[in-house]
Amino acid sequence: MSRSIMNDAFFQEMATSALSVEEAVTLAPECYTDAQFYEFEKEALFNHEWLCVGREDWVKAPGDYFTTTIIDEPIVVTRGLDGVLRAMSSVCQHRAMLVAEGAGNARAFVCPYHHWTYGLDGALVNAPAMGKTCNFDRKDIALPTFQVEIWHGFIFINFDNDAPPLAPRLAALSDIIANYDLVNAEGPRPDPGARHPWNWKVMLENNNDGYHASRLHQGPLHDFVPSGQAVFPELPEDTAGYYRTNGTLHKDASFNATQRALLPIFPGLTDDERNRMTFVNIPPTLSLVMMSDMVIYLIIRAEGPEHHTMDTGLLVAPGATRDPAYEHKLQMNWVASETIIAQDFHVDEMVQLGLRSRHAIRGRYSWQEGAQQAFNSWLVPRYQETWARWKAQGK
Ligand code: FES
C-alpha cells in the first residue's frame, strides 16, 4: 500500500455498501487486502465481537480441552474439574510458550518449557525454582480468561470482558434454526482446517452468496438449489447475524449425486423447512449450511489481511451415526461437497488476486446477493463507530 486509506472520506463512502441491495456497492477492495485495515478490523470486530471457536460436546468431560487461534491469538477451551467451561489464552505468562496444543484431557496445563503449571481455571499453581525471584507471587499470575457463551451447542468467546451477551441479539435467528435441535445434533470434532490465501470476508461472502449457485455450480450437484429461489428475510436491526433461505426443487434435497437426503431427517423440521436450505451467518466467524439431513458449519478464523484458516464440521440428527451404512452415505455427501467446495475455493483465490489489482472497483449487486448487503450492514456501522472512536482518542 503506497498511501494510507484510513481517512474520513474512506469511512464515509463506506456507507454506500450498506444501502439497499438495489443501491449498494461492494466494499472497497482495500478492505480485503490492506494490512493497516486488517489491524483496524481487529479492534473494530474481533476484539469485541463474539467469536465461535467450536462445539460444546468437544469438551464434555472434566479436563477435556481443545486449542485454536483467531487473529493469531492462541486460545485453549477447557472444562474444569468443577464442570465449568472456560476459555483462556494459552500463552504462558513466563516466556510465552503455549501451555496447550491440539486437544486432549488434562488435570492441569504444564508448560513444556520450564514447567510452570496452571490449573484448568488458569491460575498459576506451580512455578519451579522461583523462590529467589524478587517480588514474585505466583498467586498474582494466571492465564487471561475470556467470556464464554453457548448458543445451540456452539461455543462463542469474547476477548472483551465487558461485551454484552450474545444470545439476546440472536433471538430471531434462534427461532429460525430451533427445529434442527443443534444442541442434540451429533458430529465429531473436525480436524483443524487448512489455511487459505484469501481474506476471511471473501470466504464468508462466498458461503453467503445465492447468486453464484446457478452459475459457478451449474450442474446436477447443485441445480436443485436455484439462485432464483433465494430469499433474504429481514431481521430486527440489532440482530448479531443474518440468514438466507433458498427453496429447493424437491423436498429433502441434499448435496450428493442422488440430490436427496441419505441420512435421517432432523426430526423436528416442518414441511417448509424440508423444502429449502437455510444459510445462517454469525459474523465474523460462523457460517451454517442447513439441509434436511445435515448441517455443515464453517468456523472462519482470520489470520491476516489475506489469509484465514477454516474448520469445516458436520452435524447430523441424533442416532444417525448408528446406521451401519452411515460412513458410506457420508462419503457420498462429501464427494459431492468437495466438488462444489473446490469450485468455490478456486474462485475465492482468484477473487483475492483480483482485489489486489489496480483495476478492482466497487461493484454492484444482483438482488440475489441480499446476504452480502446484510453482511455489509453488520460491518459498516462497526467500522464507522470504531473509526470515530479512534479519532476522538487521537489515534
Ligand atoms: Fe512457560 Fe517458561 S515459558 S514455563
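Just so you know, ligand 1 is whichever comes first in the structure, and atom 1 is the first atom listed for that ligand. Keep in mind that the numbers below use all heavy atoms, side chains included, and drop hydrogens, waters and symmetry copies.
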### Task
Tell me, with the steps shown, if D293 and D252 meet side chain to side chain contact (heavy atoms under 4.5 Å, CB included).
CA-CA 7 Å; D293 67 336; D252 296 331; over 6 Å; no
### Task
Would you indicate whether the side-chain heavy atoms of I155 and F66 approach each other to under 4.5 Å?
yes
#### Entry: Sidechain N-carboxylate O distance under 4.0 Å for R389, E43
yes
### Query
Which side-chain hydrogen bond (donor to acceptor under 3.5 Å, both in side chains) pairs, counting each pair once, include a residue from residues 136-145, with sequence neighbours left out?
none
#### Entry: Between R301 and T285, a side-chain donor and acceptor under 3.5 Å
no
### Query
Using a distance threshold of 2.8 Å, what protein N/O/S atoms lie below it relative to atom 2 (Fe) of ligand 1?
H94 ND1, H114 ND1
### Query
Does a side-chain N-to-carboxylate-O contact under 4.0 Å join E186 and R55?
no
